[in-house]
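Everything below concerns the one structure shown next.
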Amino acid sequence: MLNWIRRFFGKPQSTTEAPPAQPMPLVEPELPVSPAAPEEDAFAAFLPFQIRPLEVTDVSKLIRVFRDAIQLGTAGQYDQAQRDAWSQAQSHDSLISLLSEGETVVAEWDQELVGFAQRIRDCINMIYVHPDSARVGIATLLYQHLEDSARVDGVSGLTAHVSLTAHDFFQFMGFNSEGQEQADRDGVTLTRHLMRKSLVTN
Ligand SMILES: CC(C)(COP(=O)(O)OP(=O)(O)OC[C@H]1O[C@@H](n2cnc3c(N)ncnc32)[C@H](O)[C@@H]1OP(=O)(O)O)[C@@H](O)C(=O)NCCC(=O)NCCS
């Protein structure tokens, strides 16, 4: 089982100041709930964090997680110009528009939003965890909710355009790299992996 089972008892200290929550309007009242696998149900009772569908008041907190995950979490793989281009690629409005597609789940810990992930059809489009809450299994649970719902939808395989930072996480989730590709963000190039996972069992 995951190493994070041993690390449940104590949230890491925050290294960043959280701005006050700003409830924002979002024209997305209903989002689908993906069913939890039986094993997740058993473990859910012991988890200090919970995974739930996106709610209308989450967007400002979600942007903070998105920007901090990039600025603080990917500094080992991407330089400042790349992190700036990536983290500014989504404005508040464009993120609201993007979140109206597919399925998005968020992770909450002590009433704080600490991570989120989105699937659009067969693509894991976004997965971000705040660096203060890294390596305790939050992305694993977010991803497993999306994989479960993809299976329910009859999706035969998942694709992801994966940052160099997230490569090992996706590999841990059973994805294989099909090679590197270049993404353009406002004229700045970012290297990432194209990764796929089959959901078909033999
Ligand atoms: C990638 C990311 C989502 C992982 O979130 P997380 O909650 O820390 O991941 P988990 O704790 O569920 O990790 C599960 C396993 O994945 C692997 N893994 C996760 N992050 C890793 C890292 N930085 N280096 C190596 N392995 C890693 C490990 O095997 C880990 O298990 P372990 O902690 O028991 O060793 C997070 O680091 C992040 O938001 N990164 C910056 C933004 C980004 O690149 N997002 C993806 C865009 S494609």
Side-chain angles (χ1 to χ4, degrees), residues 1-12 14-16 37 39-40 43-44 46-51 61-80 82-90 95 98-99 102 104-110 112-120 122-148 158-185 188-197:
M1 202 54 212
L2 296 169
N3 289 340
W4 48 261
I5 293 290
R6 294 193 290 273
R7 293 183 235 147
F8 279 166
F9 306 102
K11 187 178 180 185
S14 173
T15 55
T16 54
E39 189 186 16
E40 281 178 39
F43 282 109
F46 301 99
L47 297 176
F49 44 84
Q50 60 158 324
I51 309 298
K61 297 173 205 165
L62 189 144
I63 288 177
R64 176 184 163 247
V65 169
F66 175 76
R67 298 215 164 121
D68 283 357
I70 294 167
Q71 288 293 350
L72 306 173
T74 73
Q77 294 76 42
Y78 299 98
D79 65 26
Q80 188 63 59
Q82 291 172 314
R83 301 200 307 277
D84 287 348
W86 181 5
S87 67
Q88 288 159 17
Q90 295 292 346
L95 201 54
L98 186 58
L99 291 169
T104 302
V105 286
V106 305
E108 258 189 339
W109 193 345
D110 289 344
E112 262 181 68
L113 196 154
V114 293
F116 69 97
Q118 181 191 41
R119 174 177 70 91
I120 300 177
D122 67 345
C123 181
I124 302 298
N125 195 47
M126 295 193 281
I127 184 159
Y128 292 88
V129 170
H130 196 279
D132 288 344
S133 304
R135 301 301 288 270
V136 291
I138 291 172
T140 300
L141 275 189
L142 287 165
Y143 170 76
Q144 285 178 344
H145 273 254
L146 297 184
E147 184 181 308
D148 288 346
L158 290 168
T159 301
H161 301 277
V162 175
S163 71
L164 300 175
T165 311
H167 172 271
D168 289 358
F169 166 75
F170 274 88
Q171 194 170 53
F172 186 72
M173 293 297 115
F175 283 71
N176 293 309
S177 175
E178 297 196 347
Q180 292 192 348
E181 58 184 19
Q182 309 296 321
D184 183 277
R185 294 286 176 273
V188 178
T189 301
L190 289 95
T191 300
R192 61 188 189 183
H193 289 266
L194 172 60
M195 298 185 79
R196 293 189 206 277
K197 176 180 181 176

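In each ligand, atom 1 is the first atom listed, and ligand 1 is the first ligand listed.
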Item to check | Proximal ligand 1 atoms for H161, defined as those under 4.0 Å from one of its heavy atoms | outcome: 48 (S)

Checklist entry - If we only count N/O pairs under 3.5 Å, is T140 in contact with ligand 1? => result yes

Checklist entry - Going through the checks in order, is the side chain to side chain contact (heavy atoms under 4.5 Å, CB included) test met by V114 and D132? => result CA-CA 8 Å; V114 293; D132 288 344; over 6 Å; no

Next on the checklist: Less than 4.0 Å is my threshold; does some heavy atom of W86 fall inside it relative to ligand 1?
Outcome noted: yes

Checklist entry - Can you check whether G73 has an N/O within less than 3.5 Å of an N/O in ligand 1? => result no

Next on the checklist: If you measure every N or O of F170 against every N or O of ligand 1, does any of those distances drop under 3.5 Å?
Outcome noted: no

Checklist entry - Among L142, I138, V129, which one has a heavy atom closest to atom 39 (O) of ligand 1? => result V129

Next on the checklist: Between F175 and V162, does the side chain to side chain contact (heavy atoms under 4.5 Å, CB included) criterion hold? Intermediate values first, please.
Outcome noted: CA-CA 10 Å; F175 283 71; V162 175; 5.8 Å; no

Checklist outcome for this item: So the atoms of ligand 1 within less than 4.0 Å of a heavy atom of G137 turn out to be 10 (P), 11 (O), 12 (O)

Checklist entry - Under 3.5 Å, is there a donor-acceptor pair linking the side chains of Q144 and D148? => result no

Checklist entry - A166 to ligand 1: N or O pair under 3.5 Å? => result no

Checklist entry - For ligand 1, which atoms have a heavy atom of A134 less than 4.0 angstrom away? => result 8 (O)

Item to check | Step-by-step side chain to side chain contact (heavy atoms under 4.5 Å, CB included) determination, H161 to L194 | outcome: CA-CA 5 Å; H161 301 277; L194 172 60; 3.7 Å; yes

Item to check | Options A183, S163, A139, ranked by nearest heavy atom to atom 4 (C) of ligand 1, top entry | outcome: A139

Checklist entry - How are the rings of Y128 and F116 set to each other: parallel, tilted or perpendicular (split at 30° and 60°)? => result parallel

Item to check | Y78/S163 under side chain to side chain contact (heavy atoms under 4.5 Å, CB included): CA gap, chis, key distance, verdict | outcome: CA-CA 9 Å; Y78 299 98; S163 71; 3.7 Å; yes

Checklist entry - Just wondering, do L158 and M195 contact through their side chains at under 4.5 Å, heavy atoms? => result no

Checklist entry - When the ring centroid of F172 is compared with that of Y143, is the distance short of 6.0 Å? => result no

Checklist entry - Quick one: does ligand 1 sit under 4.0 Å from the side chain of R192, the backbone, both or neither, non-hydrogen atoms only? => result neither

Checklist entry - Is there a donor in the side chain of Q77 and an acceptor in the side chain of T165, or the other way round, less than 3.5 Å apart? => result yes

Next on the checklist: I'd like to know if V162 contacts ligand 1, where contact means a heavy-atom distance under 4.0 Å to any ligand atom.
Outcome noted: yes

Next on the checklist: Under a 4.0 angstrom heavy-atom cut-off, which atoms of ligand 1 come close to Y128?
Outcome noted: 39 (O), 42 (C), 45 (N)

Next on the checklist: Determine whether a donor-acceptor pair (N or O, by modelled atom type, separation under 3.5 Å) exists between the side chain of E147 and the backbone of M173.
Outcome noted: no

Checklist entry - Has H130 got any heavy atom lying under 4.0 angstrom from an atom of ligand 1? => result no

Next on the checklist: Against M126, only a single residue in T104, I120, L95 fulfils side-chain contact (heavy atoms from CB on, under 4.5 Å); can you say which?
Outcome noted: L95

Checklist entry - By side-chain hydrogen bond (donor to acceptor under 3.5 Å, both in side chains), which residues pair with H167, not counting sequence neighbours? => result none

Next on the checklist: Heavy-atom distances under 4.0 Å decide this one: backbone, side chain, both or neither, for F172 against ligand 1?
Outcome noted: side chain

Item to check | Nitrogen or oxygen atoms of A69 and ligand 1 under 3.5 Å apart | outcome: no

Checklist entry - Considering distance alone, does some N or O of S133 sit under 3.5 Å from an N or O of ligand 1? => result no

Checklist entry - If hydrogens are left out, which of T165, L141, V136 has an atom nearest to atom 40 (N) of ligand 1, that is, the closest non-hydrogen atom? => result T165

Next on the checklist: Within the 4.0 Å heavy-atom shell around D168, which atoms of ligand 1 are there?
Outcome noted: 25 (C), 26 (N)

